Number of protein chains: 2
Amino acid sequence: MTVTLADVAAHARVSPATVSRVLNGNYPVAAATRERVLRAVSELDYVVNGPASALAAATSDLVGILVNDIADPFFGIMAGAAQAHLNTPSDASAPIRTNAERLAVVCNTGGSPARELTYLTLLQRQRAAAVILTGGAIEDAEHSAAVAAKLARLAEAGTRIVLCGRPALGGAEFVHATLSFDNRAGARRLTGHLLSLGHRRIGYVAGPAERTTTRHRLEGHREALAAAGAADDPALVLHGSYDRASGRAAAARLLSAAPDLTAIVAANDTIALGVCAEARERGLRIPEDLSVAGFDDLPSATDAVPALTTVRLPLYEAGARAGALAAGAGAAGHVEVVPAELVVRGSTGVVRAG
Amino acid sequence: MTVTLADVAAHARVSPATVSRVLNGNYPVAAATRERVLRAVSELDYVVNGPASALAAATSDLVGILVNDIADPFFGIMAGAAQAHLNTPSDASAPIRTNAERLAVVCNTGGSPARELTYLTLLQRQRAAAVILTGGAIEDAEHSAAVAAKLARLAEAGTRIVLCGRPALGGAEFVHATLSFDNRAGARRLTGHLLSLGHRRIGYVAGPAERTTTRHRLEGHREALAAAGAADDPALVLHGSYDRASGRAAAARLLSAAPDLTAIVAANDTIALGVCAEARERGLRIPEDLSVAGFDDLPSATDAVPALTTVRLPLYEAGARAGALAAGAGAAGHVEVVPAELVVRGSTGVVRAG
DNA sequence: TTGAAAGCGTTACCAC
DNA sequence: GTGGTAACGCTTTCAA
């Protein structure tokens, strides 16, 4: 039923081998022959059989991108950027050359350790060409070990491992490249900004407890408080998930328990939006009555809330870089850390909270 | 290097065929043998070779999900829902049984016709088990024909085609199921609401010109105006892309050109956020000075802007349904249309604009 | 520059 | 219930 490479070969009066060579363009073929083959291909509307080709070549053109929450633009931006840069030069809107094109597989773990592992297995089963892990990792020794083991096996089978917005795996030489965010410095800078404006009672709505981003950002916040000699009241720190509902609930609790708060730092913009919603519900004006500061880079959200102080992470750039690295660009085994000044880049232009 | 099915067979002292049977569970195997095989599998840490299996079985377990913008939660919500429901019962957080598990491939077309086609080809190449097309389609005869042809070929090769939030393809019996949104009725209801509040000069920020969602929503808006006998000033309708920047620019133009506007309808929530941002920048209070009404279902965004009127689309439910249908649940060839009352469901509880 | 043919790792049909 | 063994469609030496 479906057209095979052999059909094309017959139609073009050449051998299957030649057709394969033309299609993969990795071998010299006479111009005339090539023409003939190409014509046959389009005449028969032939499409390579990915699985067969992957089996024979022992590698596929699938690239897995693991995200914690596909509905969160934080990941959407990174994933989109990575995907756009998986296939070298090309401007994003250009039609992709259908052949030998890498296909991004965005996998939504929902923050679940189990699903993270399962997806890695699924990608291993597909013999993925690369895997990009994005966002904060779960801080659990057992799970970390399991992930590391899985990644090691993947790498061993030829899959390129790239970390984006994820802390480096200590001494894991199977990681092709790491693009880690300096969350600690970013948070330090963010809280430092609020302190410099005179705020002293600052609430903090953190992310889920066992996440690296949660911990690092919170540590940065505390470092800033310490550096300014401000009190670090544990009652002002609340944990929750990285979503609006959580941010809103936390703000409600904070504002009830400590009405003297003048500012609230949110561990990410999604949470910040929830905090803003709660503030408005209570008739508080932002930033006159309450300053709210978010962390991520969600221009779509933050612009809508002029009161939001944002430390811009170069999300898109990081994702783009990760995509290119996954595609094989850059030196293997090289660990790259997004420098602090890049992480907070642009923040001066964005800071608007009072 | 990598462990193969043959290795497992040898280790378990059975034939490759038996191992395959155990793994696929589609054939009777003695309990004892099964045990032995399973033990061998875990002892050798064996992982099926997806491509090989897909080649032999002539179908893969990949399911493609095409979205227009992966950074837009509108699509993220649908894609996430679909993905979560690709593998029947299971609660979302449960570990997926690694074997024979469907893998969602989220493809970001960026709204580009060329990329849409290319991704379809890529999925065809992977012999995808199903393809879910989400969101508005591009209204271009040539492109539509090309897509239809592509889909027909995919279907012919056994790929299930599911449309989610996309208008039905007239008379295309190769479509497994269609979940279309009644955008026209939704928009009618939204603008009708503003009219019932007494607004007469209502701006409208539409989406990209050649998109079905754009047209349908705008038509609904106009129908509502006509029904209420309100003037339909073409100068009050501006087109742009479905993003914030566009919404903001359009609002700026509208507010400058027609200062007597009392309300603005945005074709989706992302645009609405841009409109809100511009309004604030001009010192306008919402909803006292200007009512802003959005269309999509982006709880994360709308809650933050209490002034926003939102017609809730059952996005998550639609996505979930699409996922299940793509996985084979439900009757084939069945066309399902989300009924209008479902589309506007919940809007009464959400409408808050003044 | 091109062709022949041996795999690649599963699946599924046919015997036993 | 289990084993043997052709496919499946492509890639890639090895020769010519």
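Remember, it's a predicted structure, so these values are computed and weren't measured experimentally. Lettering follows sequence order; numbering is per chain, from 1. We use all heavy atoms of the structure for the numbers below, so side chains are in, but hydrogens, waters and symmetry mates are not.
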Contacts of B/A324 that satisfy side chain to side chain contact (heavy atoms under 4.5 Å, CB included) - sequence neighbours left out:
B/A329

For A/T4, enumerate each residue passing the side chain to side chain contact (heavy atoms under 4.5 Å, CB included) test, keeping only those at least two apart in sequence or located in another chain.
A/A6, A/D7

Return a table of donor-acceptor pairs under 3.5 angstrom between the side chains of residues 12-23 of chain A and protein atoms on other chains or two or more places apart.
| from | atom 1 | to | atom 2 | distance (Å) |
| --- | --- | --- | --- | --- |
| A/S15 | OG | A/A17 | N | 3.4 |
| A/S15 | OG | A/T18 | N | 3.3 |
| A/S15 | OG | A/T18 | OG1 | 3.2 |
| A/S20 | OG | A/N24 | ND2 | 3.3 |

Working to the nearest 0.5 Å, report the span between SG of A/C164 and CG of A/L325.
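Rounded to the nearest 0.5 Å, the SG-CG separation comes to 9.0 Å.
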
For residues 141-155 of chain A, which residue pairs pass the side chain to side chain donor-acceptor pair (under 3.5 Å) check, not counting sequence neighbours?
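Qualifying pairs, neighbours excluded: A/E116-A/H143, A/T121-A/K150, A/Q124-A/K150, A/R153-B/D45.
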
Quick check: closest heavy atoms across B/L86 and B/G323, and the distance to 0.1 Å?
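So the two residues come closest at CD1-O, 3.4 Å.
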
Computed from five pairs at either end and rounded to 10 degrees, the angle between the axes of the helix from C/dT1-D/dA16 to C/dC16-D/dG1 is 30°

Return a single string for nucleotides 2-12 of chain C, one symbol per nucleotide in 5' to 3' order, where B is base contact, S is sugar-phosphate-only contact and - is none, cutoff 4.0 angstrom on heavy atoms.
BBB--BBBBSB

Under the side chain to side chain contact (heavy atoms under 4.5 Å, CB included) criterion, do A/I132 and A/L66 qualify, and how do the steps go?
CA-CA 6 Å; A/I132 303 177; A/L66 264 63; over 6 Å; no

